[in-house]
Amino acid sequence: GAGAGSMTILDKLEQEYLLRTIESGVGLTERRQLFLWTQGAFQALLPHEIMLCVTLDATGAVDHVECLHRAVLDRAALAQLKGHVAPALVTRWQAERAMPTVIDGNDAALRATGMDHALVHGSAQPGTAGTVFALLGMPSRPDARHVYFLQLLLPYLHLGLLRMPVATSAGQGADSAPVRPLSGREL
């Protein structure tokens, strides 16, 4: 896992990115907005290729996974990320007492993606409902600054994910047909 304990001092540019990210993250209500937000100033603070956004049920088990990614992924890759990688990373995070967790390429689930670095953190205690976010494909091993940024931005990720429509039997919500077609990156 990643420890916290030393103070992190932000430079002027990081302060600006953080302020812009927080200001623009306040009103997230749709998957598209969450995707665009994570590709803006958020990306400057926490660069990543894929973000797994996981909701946990009341027992702490994976209930739903959203996969936000920069490159076009095929169905098999998406199925692997949602069905295998996300649950494995959530389990690893829970084993770290729900603290920010840095995962390297020697982790079997991460190695299966071909990516070397990930950072995982969430809003729940093990065995309870909440959200977990995994940033995969970070360009270098996440350090204390990345952990700090994710801790600061976690409330905005959490609220943005919880505000997104969920699929219903009527076909409305996150998995239904969008008002306009999604681009390959948004899929």
Side-chain angles (χ1 to χ4, degrees), residues 1-29 31 33-56 60 62 65-70 81 85-107 109-111 113 115-164:
S6 62
M7 186 186 311
T8 302
I9 306 295
L10 305 181
D11 65 32
K12 284 290 220 189
L13 188 58
E14 289 172 327
Q15 291 174 23
E16 180 70 23
Y17 282 140
L18 183 60
L19 181 59
R20 286 183 183 183
T21 304
I22 289 171
E23 287 176 341
S24 60
V26 171
L28 301 173
T29 59
R31 185 179 196 275
Q33 291 174 325
L34 184 63
F35 171 80
L36 293 172
W37 182 69
T38 62
Q39 297 307 303
F42 185 99
Q43 189 70 231
L45 297 171
L46 290 163
H48 62 281
E49 293 297 319
I50 297 171
M51 179 186 292
L52 298 174
C53 308
V54 183
T55 54
L56 305 176
V62 172
V65 179
E66 288 287 334
C67 182
L68 306 178
H69 44 91
R70 297 172 59 142
L81 286 165
V85 176
L89 295 180
V90 166
T91 299
R92 174 84 182 271
W93 172 77
Q94 289 169 331
E96 296 288 334
R97 299 182 337 268
M99 297 300 294
T101 304
V102 174
I103 300 176
D104 290 318
N106 59 358
D107 179 85
L110 186 59
R111 190 172 49 246
T113 68
M115 297 186 190
D116 293 328
H117 307 286
L119 178 58
V120 183
H121 194 31
S123 66
Q125 293 301 311
T128 64
T131 57
V132 177
F133 300 89
L135 306 175
L136 285 65
M138 298 182 79
S140 61
R141 187 178 198 283
D143 60 20
R145 293 180 101 60
H146 295 114
V147 168
Y148 181 66
F149 291 138
L150 186 54
Q151 289 173 313
L152 290 175
L153 296 172
L154 182 65
Y156 303 95
L157 288 166
H158 173 78
L159 290 174
L161 184 59
L162 292 182
R163 288 179 187 144
M164 286 178 20

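Throughout, residue positions are numbered sequentially from 1 according to the sequence presented. All heavy atoms count here, side chains included; hydrogens, waters and symmetry mates do not.
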- Task: Look at Lys12 together with Glu16 and state whether they make a salt bridge at an N to O cut-off of under 4.0 Å.
- Result: no
Here the gap from Thr21 atom OG1 to Trp37 atom CH2, rounded to the nearest 0.5 Å, amounts to 6.5 Å
Does the side chain of Phe133 reach to within under 4.5 Å of the side chain of Leu153, using non-hydrogen atoms?
-> no
Query raised in the report: Should we count CZ of Phe149 as having more than 12 external heavy atoms under 6.0 Å?
Result: yes
Taking only distance into account, with no hydrogens and no angle test, what donor-acceptor pairs under 3.5 Å do side-chain atoms of residues 48-55 form with protein atoms, sequence neighbours excluded?
{"from": "His48", "atom 1": "ND1", "to": "Leu46", "atom 2": "O", "distance (Å)": "2.7"}
{"from": "Thr55", "atom 1": "OG1", "to": "His64", "atom 2": "N", "distance (Å)": "3.3"}
{"from": "Thr55", "atom 1": "OG1", "to": "His64", "atom 2": "O", "distance (Å)": "3.4"}

Applying side chain to side chain contact (heavy atoms under 4.5 Å, CB included) to Leu159 and not counting sequence neighbours gives Arg163
Heavy atoms of Pro100 and Gln151 approach each other most closely as CG-NE2, 3.5 Å
By side chain to side chain donor-acceptor pair (under 3.5 Å), His146 pairs with (sequence neighbours left out) Asp143
So OG1 of Thr101 and CG of Leu89: to nearest 0.5 Å the spacing works out to 9.5 Å
By side chain to side chain donor-acceptor pair (under 3.5 Å), Thr29 pairs with (sequence neighbours left out) Gln33
Using side-chain contact (heavy atoms from CB on, under 4.5 Å), reason through Thr128 and Leu56 one step at a time and then give a plain yes or no. CA-CA 7 Å; Thr128 64; Leu56 305 176; over 6 Å; no
Rounding to 0.5 Å, atoms CG (Leu13) and CG (Leu18) come to a distance of 11.0 Å
For Glu96 and Val120, indicate whether the former's side chain and the latter's backbone hold a donor-acceptor pair under 3.5 Å. no
One should read off an interatomic distance between Leu162 CG and Ser123 OG, to the nearest 0.5 angstrom, of 7.0 Å
Residues pairing under salt bridge (charged side-chain N to carboxylate O under 4.0 Å, His left out) where one sits in residues 118-130, two or more places apart or in two chains, turn out to be none
Heavy-atom closest pair (Arg20 atom, Ala41 atom, distance to 0.1 Å) is CB-CB, 4.3 Å
Side chain to side chain donor-acceptor pair (under 3.5 Å) filter on Arg145, not counting sequence neighbours, yields Glu14
Evaluate the ring planes of His121 and Trp93, with Trp represented by its six-membered ring, and classify them as parallel (under 30°), tilted (30 to 60°) or perpendicular (over 60°). perpendicular
From CA spacing to verdict: side-chain contact (heavy atoms from CB on, under 4.5 Å), Phe42, Leu157
CA-CA 10 Å; Phe42 185 99; Leu157 288 166; 4.1 Å; yes
_Set out, in order, the CA-CA distance, both residues' side-chain angles and the distance that settles side-chain contact (heavy atoms from CB on, under 4.5 Å) for Tyr148 and Leu45, then state yes or no._
CA-CA 10 Å; Tyr148 181 66; Leu45 297 171; over 6 Å; no
One should read off an interatomic distance between Arg141 CZ and Leu119 CG, to the nearest 0.5 angstrom, of 10.0 Å
In terms of heavy-atom contacts, Ala129 and Ala124 come closest through O-CB, 3.4 Å
Between Thr131 and His158, the two heavy atoms sitting closest are OG1-ND1, 2.7 Å
One should read off an interatomic distance between Arg31 CZ and Met164 CE, to the nearest 0.5 angstrom, of 6.5 Å
Correct closest heavy-atom pair for Leu154 and Gly122 would be CD2-O, 3.1 Å
I'd like to know if the side chain of Asp107 reaches the main chain of Ala109, judged simply by a donor and an acceptor atom lying under 3.5 Å from each other, with no hydrogens or angles considered.
yes
